[in-house]
Each structure stands twice: as C-alpha cells, then as structure tokens.
Amino acid sequence: MATDDQPANLKFAPTHEWVRLDGEIATIGISHFAQEELGDVVFLDLPWDDAGERAFQAGSHFGDVESVKATSELFAPVSGALVSVNEALRDQPELVNRSPYGDGWMLTLRVSDPAELDKLMDADAYAAFTNESH
Amino acid sequence: MSTESLIFEKGAPGRAIPLLPELDVPERPLDHLIPASYLRTEPAPLPEVSEIEVVRHYTRLSQRNFGVDLGFYPLGSCTMKYNPKINEDMASLPGFARLHPLVDDSMAQGAIKLLYELEQYIAEIAGMARVTLQPAAGAHGEITGLMIIKAYHESRGDIERNVVLIPDGAHGTNPASATLADYTTVELKSDARGGVDLAHLEATLAQHAGHIAALMMTNPNTLGLFDENIVEIARRVHDAGGQLYYDGANANAIMGITRPGDMGFDVVHLNLHKTMSTPHGGGGPGAGPIGVAPHLVPFLPGPLPAKDDSGYFWEDAGPQSIGRVRANNGNFLVLVRAYTYIRSNGPDGLRHVSESAVLNANYIMRALEGEYDLPFNRACMHEFVLSADRQKKLGVSALDIAKRILDFDMHPPTIYFPLIVHEAMMIEPTETETRETLDEFIALMKQIAREARENPSIVLEAPHKTVVGRLDQTLAARKPNLRWTPEREPATV
C-alpha cells in the first residue's frame, strides 16, 4: 500500500467508512478492516453519473459494495455536495481491497459542516471499536 | 478422476442419430412460420454425438454431483432432509404425471381432491384460514403475500403504508421481495439474546407511525433461535396498523408444536421443498404456498379448489383477488409429493419430525461448543450458528473449514450467513440423519479445529480429494464467462 496515507490522518464512522478532509473537500472510502471483513470486492454501485448534481446528508446511503461474501450498504460519514466519484473503480473494484486508503477511495464531497467530523472516531478510537465488536 | 470435457467438445460431424419420428403433418418451410429476420443464417453449432456418448457424459457428471442421497448435507436454512422415495412413486402415477393441466374438472377429480385436501393440511399446520398453492417457491410466496397485504391496506383506503420492517438477521429474500413490492425496508436490530430488540422495535414503530405496512419475520430466526417475544411483537405491529408476514423457511422446527397463526402472523409461506421433503436444489422446481388469516382471504389468488355435492371443482377468486400468480395451479407434482409426505407422517409424525430436527441440532451444538465459538448460547431449534472466530485468529476462516469438509464426503454448512455473526457457520442437520452420521460430523469438525491449531496448511489448501480444488470465485464473480465458445470453428456447418 505504497500510495496510502496513514490512517492517523483519517476519521472513521461506525459503519466503517473513512474521511480525509483537505480544505473543504472530504475524500471518502471504506476502512482496511471493512475490506478485510468483506473479502474480495467484486462489484461496486457508486453514484458515478451524479457528480456535481447531488448532495448527501451524513448517514445517508450513497452506494453498495458487493464481495464474495456479502453485499453491504455504504453511508456518507459527513454531509456535502458530491464533487467526484472514483472512475477507476468502475472496472477495478479490487482497488478497494488492494489500497483502501489510497487508490480505492470512493467519493469526494464538498463538506457543508466541517464540525461533523468531530463526531467521528479517530484512528485509535476506531481501532478500539473494531477490536471490541469482534 | 480426470476432467470431463463438455458435450460440445465431444462427437464428430454427422454422428448425431435421428431420434425424432417422421412428421405426420404436412411440412412447411421455417420462414413461413417465423419472420426471416428472427432466423439464423447459419446452423447452430450443436453437439453431434452418439447416444452412448450422451449417456456416459451425463452419468459421469451425475457421479460427481453431491446430494442428500450420497451424504450428510447440513446446509443451514435449507433443510436438506431426505426425500422419501414413496413421494416419487406417487408423483409418477400416470393419473398425476400425465394429467393435462387444462383438462375439464370432471376428468381431474382426484387431482383437485388432492389439492383441496393439501390446502386444508397446510392451513391447519400453519394456523391459517385458507391457502393458495400457486407460488412456485418461497420468494414467490413472499411477493404474493406482500401483494395481498398491500391490497388489504388499499382496500381500507390505507394508502400511506410504505414501510416493511425486517430483522437484521433475515433471509436476503425478505428485503428483496419487499423492494420488488415497492416498499421501503427498515432494518430491526437484534438484541443480545438474538431476538428482535423490543426497544428498537418500539422506536422504529414510532418513527414510522402511520407508514408501517408489515413486519417480515421468521421464527425460529436465522440464528435458529425461537423469539419468545413474538406475541408481544405481533401485538405492537398490529397496534401500529401493520400486518405480520411469516417466512416459513424455518418451519421444520415447529410442526405440530406451535403455529404461525397462533403467534399472531397474518400471512405464512411454507417451503414444501424444505419442510415437506420435496426435492430441493438444482434450481427447482419448488413450491411456496401461502396461507392467510380470515381477513385476507378475499385477496388470495384464484382459482381455489372447492367441493360441493357433485364433486371437486376450481372456484374463481372474488373481485378483490390480486389475481393469478402462476399458471396451472402451481407446481402440481411437487404438491403431490408434499401431500404424500404429510399423509405418510400424519399429525403425530410431523410433530416427531420437528422434535427430532431440534434434538439433532442441539446434540451437535453441545458437542461442538468447546471447539468453536457459540455466539448465542441457549437451546436452539432446528439449526444453530457457530463462529469460526477462534480459528480465524489462527488464520483459518469459515471458508477454509467448509472447503476441508469436502474432503470427507460431506456438504459444508452455510457460511457467512446470517451476517450478524462473524465467520458464521450455520448448521442444520435435519431429523432424517442417524446418530452415527451426527457423530461422524462432530468428529470431523473437532478434527478440523485441531488441524487449524496444529497443521493449518492442510485446511488452508483443502479440498485435496475433489475433482477440482479451490476455484477462483473472485474472478468468476468479477468477470463471469457464462458461454462456451469453440476455440476453432466446427469442421463443417
């Protein structure tokens, strides 16, 4: 995972999405823990055709991830207008497994309320959370 | 065993034997019957093989198949019980097997009588007023039941109800059926005992007040646990104006002991290919009849079997019916098999089936709880869910354990379901297995647990004894290749 950021820069939702805030742009993906639990990702349903035309509320459903084990829903960890969706994932869903914090990113949002990030877990709290739930 | 080539790769040009008789009606050119634009310009490259090549090919394939006639098949939630051969004898009787579905009622008295009585048996087992035998499988029963619930609400002018509640451990068909019926699904959380969390139910009912159409539930649930709060759950959902749908996938646990109708359910489906021992797997055919409480009878699909002084007949449904959901009154010969099973067992026999199914599941669960994690440690019903969490920490997953079981001529349990259990292994032995078979499975599972500790590579590299090893399921899902194409063109066309 050479291109990956360290999770220390990230915030995590209890539904296993991560957020990284650069200015007012939030990049969103799913955690290393989540991709490991899912196993090989075989299909993603993301709002590719809605960039620039749609906004999400924190906690709202933005897509689905299907693995060899299960299909899971994806939820926006923060509110904001959809800026872009990772085009590479259309043909290479395996990037979510290979590089969950790097090339496997899913969306960018223009956040409407940066204070929402304070409600999310930091890396340590998330690590404790995932240990506790399993 | 060597690999078996495809039927398309066998044979030689011109070898096909003519099996079809001469036409006894005048022949007409194909393009007089079908528009030319729909006709092939080149013949399809069909296999040209001799009869013995066909027979050997499919016999070899059948020898590689695994079924309940070959070995233990504890595939949780699927109720892979033995299918008694008398069911096949009855379904082969020419009066059933060769009966045209559109024959006049007077020529089909025995068949309609059978369906009339089967409806009564299922109604009694489920505690429902009437039953439609049309749905071809459980999920078909679900969509039929939801359409009936929708028609009921609409008949009362109650058109704001758009939410179906579904517990987080539910079968995937439940939310799929609700979505197909144009409902929004809302998930109900499980509590620490594995049942519906009553506080969450209460909050959810309040949050969607006036919009609750139904709750879909199976009891026992997918953890194999009986939800003792069901009467209270039913009361609260009914008070909120919702109906209760019973997913009968787990009905093998309750026959003759309790009934969905007595628990408060309004619609029930039974999977005859599970509970009533009709053949199962390979895509069907199944049967998923649904029963309904008295207030929903007017909405049932029709026609329904009926009887008067002159005999049995098909009675059309009334004006409120949702209409037919399948042609020709369902998968008739499957229904003949289920009827045979119910009559062979009788009421006491069916109760004994469920008692034995529950006993067998508890026997295995208690024997394995020392070797595997048991997330909900209480008496189970016809199935139970273990977690391979302990083995996963050693690098051996539920999938690896399932693959290792294949080396011992047994079918693995259902894995990674229900989703609320980490590394889930869902084990349903059914009532038809002997004590010896249960003991063999227990010994095998203990052996695999030991291997995971002492020699994990033998589990990680399993299966060792099957025709093929681990197939690349990820590649198959990402880039499905569903059609064989010849590497070279056939020699002649």
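Just so we're clear, the structure is a prediction, and the values are computed from it rather than from any experiment. Atom set for the values below is all heavy atoms of this structure, side chains included, hydrogens, waters and symmetry mates excluded. A, B, ... follow the sequence lines: proteins, then strands. Residue 1 opens every chain.
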(message) For A/Asp91, is there any backbone N or O sitting under 3.5 Å from a side-chain donor or acceptor partner on B/Arg478?
(response) no
(message) Within a 6.0 Å radius of atom CD on B/Glu369, are there more than 12 heavy atoms belonging to other residues, nucleotides or ligands?
(response) yes
(message) For the NZ atom on B/Lys392, are there more than 12 heavy atoms of other groups (residues, nucleotides or ligands in this structure) within a distance under 6.0 Å?
(response) yes
(message) Ignoring hydrogens, what is the shortest heavy-atom contact between A/Val42 and B/Thr474? Give both atom names and the distance.
(response) CG1-O, 4.0 Å
(request) Go through the atoms of A/Glu66 and report whether side chain, backbone, both or neither lie under 4.5 Å from a heavy atom of chain B. (result) neither
(request) Enter the distance from A/Glu94:CD to B/Leu475:CG here, rounded to the nearest 0.5 Å. (result) 10.0 Å
(message) Please report the interatomic distance CD(B/Glu187) to CD(A/Glu73), rounded to the nearest 0.5 Å.
(response) 7.5 Å
(message) Salt bridge check, A/Lys69 against B/Glu423: does any charged N sit closer than 4.0 Å to a carboxylate O?
(response) yes
